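Structure first, commentary second.
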Amino acid sequence: MPLNGRICFTLIMLSIFATMIGIALGYPPPARFLPLVIGIPGIVLTVSQLVVDLRELRQPPPVRDASEERDAHQSSRTGSVLKREIVLFAYFFALVAGVILFGFWLTIPVFIIVFLGLHERESWRFAMSLTIAGTAVLYLVFDRMLSIILHEGFITAAAREWLAQ
Amino acid sequence: MIETMFSTLGELVSTPRLLWLMGLGAAIGIFLGAVPGLGGKLGIALLIPFVFGMDMIGGAVLLLSMHAVTGTSGQISAILFGVPGTGDDAATIIDGYPMAKNGEAGRALGASLVASGVGGVIGAFIFAALIPVLEPLVLSFSPAEFFLLALLGITFIAFLSGSSIFKGISVGLFGMMLAFVGMDPQTGIARYSGDYLFLWDGLSLITVILAIFAVPEMIALGVQGGSISTVSMSVAKYRYRELLNGSLDVFRHRWLVLRTSIIGAVIGIIPGLGGSAAAWLCYGHAVQSSKTPERFGKGAVEDVIAPETATNSKEGGSLLPTLFFGIPGSSGMAIMLGAFLILGIQPGPTLISNHLDLVWILIWTLVVANVVAVIALLAIARWVALLTFIRGGRLIPFVLILCVLGAFLGEGRWENLVLLAFLSLIGYGLLRFDWPRAPFAIGIVLGGIAENSLHKALALWGLEFFLRPLSLVLIVLIALTIGWAIYRGRQRHRGSRAA
């Protein structure tokens, strides 16, 4: 029986509840009372959902109509959904990692131009103008108007200190 | 009293300086509300240095008009991109964003903006009406009632689960489990936090909401391609008529508006429950009281109306204990209280006898600032709604950057970015595999309140807290809610079998 995404996700939810209950068992009784009261029914319900998912898996797949068949064909031509999801999450994680390491003001323009230029295949001129406009608006609002100090980035801060010495 | 009421309104609208300060406050509030992670608290903190040296009335008008409208603009990004301005706006996403996808962004914006304005105005009038009976009302709520109110909200999860009851309740319980992250209120032990200090105060609500709602929507938009609106621009109507239609929806659901305004204002009066609780309780109430609850989550206008009305009406309510007892009704009001003290406003019961004119000016500020904000936002909403037709790929980088900024600005901690990335994977899984996400938000908002209040109530009264008069009323309400959910479920089951 193949493991599909639906079942995998239910298993993930089940493992989250199980882990949280396992951790809660190490706490003193007053601190673990409510996590157990909430977590144990959570396990029961996710196990019930797992049973529902497994039953659905055994049933024959529904017959596709013409439009669904066309969508599926188009999807196979443009790359699998999973591949697109992985690529988009990779961009998002790169944004988060970039902000943590290099700070907002270095990461934001790089992220916008790379996303628009490489992922969206926009012309570089268009990507560049949107990058400049977007970064300028964010800089004016957060840095100049509100004087909010954004995260500088660990590598940027270290590099600045090294250069200052 | 009546004379003071009208004379203060005349003073407010006929004094150019006060009008200018109110307009400025409303404009700042609209901006701060629209940017995820900023919100009214930051606004008050930013404006405090500017009100030093101002007269009492001018400073209070500037601060209150700014704070009153932050909830009004946060819904724009919530409806158009699924990105809430603050945690309070998260409930609006559940149906507001599907409405934008269905090509009804104009209607959703019209309904939410007018609902906010009407909620704010009703909240101000409730403020005025409750002044004489405030003390017994506030004192009748104790941790026992807080716990039962939170429990009542949690029972709404049964209504929000739709056909997948296992998934819905599991997600609600998962939200509650995440609410336990941080210091245990009874033992002081850091639960699920390890050595990470940033988790000791609990998870940042705005980070969690962005991760579960906003980031997954943007990833899904990128995967499917096209624009946010799945309806073409030629089919969708983005005329002012569409905004007007949405505005009229508020009056078509006038009883819902009235009920949620009252609920919002009462929750605002009770210190400690907060705006997110008001929004989610009213969202649950809208689902529970609807004849067609199956429409919720797919673009029901009532869901846009109910939380927005509650969010703005609670501002009037939360001002009451702040002004007359010196007890802030929300964290925003706690900062406001500090600002009032700086301005020389001494909160307490004597305020009503010594400074009745100031009290009425503040009430009218709430009313006029809300009306001004709604008119200004309605004027631009038609153009803002057009953003839903821009190809998703051009919007995604900017919206993801806003999400990252929102997660950072909420508490100013980079660690929340790691949390955002991790939880967005779970949020996307919930979206991808049809697990309802609204119960999660109810769980995380009300779970912490329920636990804190339960421990306090048990310490004060033991199990006898269930026998307090107001507790008994709330227990009956909870029982009725559960009974109603079971009855509805059976009816739906019979209907589907008959079909």
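Basis for what follows: all heavy atoms, side chains included, without hydrogens, waters or symmetry-related copies. Worth saying up front: this structure is predicted, and the values here are computed from it rather than measured. Lettering follows sequence order; numbering is per chain, from 1.
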Can you tell which part of [X] gets under 4.5 Å to a heavy atom of chain A, answering side chain, backbone, both or neither?
| X | answer |
| --- | --- |
| B:Arg413 | neither |
| B:Ile426 | both |
| B:Phe408 | side chain |
| B:Thr187 | side chain |
| B:Ile189 | side chain |
| B:Gln186 | side chain |
| B:Leu454 | side chain |
| B:Phe180 | side chain |

Go through the atoms of [X] and report whether side chain, backbone, both or neither lie under 4.5 Å from a heavy atom of chain B.
| X | answer |
| --- | --- |
| A:Leu95 | side chain |
| A:Met20 | both |
| A:Val44 | neither |

Look up atom CG in A:Leu130 and atom CZ in B:Phe398, then write down how far apart they are to the nearest 0.5 Å.
-> 4.5 Å

Do you know which of A:Ile149, A:Leu138, A:Ile23, A:Asp53 has the most heavy-atom pairs under 4.5 Å to chain B?
-> A:Ile23

Top contributor to chain B interface from A:Phe33, A:Phe126, A:Phe104 [non-hydrogen pairs under 4.5 Å] = A:Phe104

Most heavy-atom pairs under 4.5 Å with chain A, out of B:Asp434, B:Leu420, B:Val404, belong to B:Val404

Considering only heavy atoms from C-beta outward, does the side chain of B:Phe174 approach that of A:Thr46 to under 4.5 Å?
-> no

Start with the C-alpha gap between A:Glu120 and B:Arg394, add the side-chain angles, then the distance that decides, and say whether salt bridge (charged side-chain N to carboxylate O under 4.0 Å, His left out) holds.
-> CA-CA 8 Å; A:Glu120 291 300 313; B:Arg394 289 179 178 175; over 6 Å; no

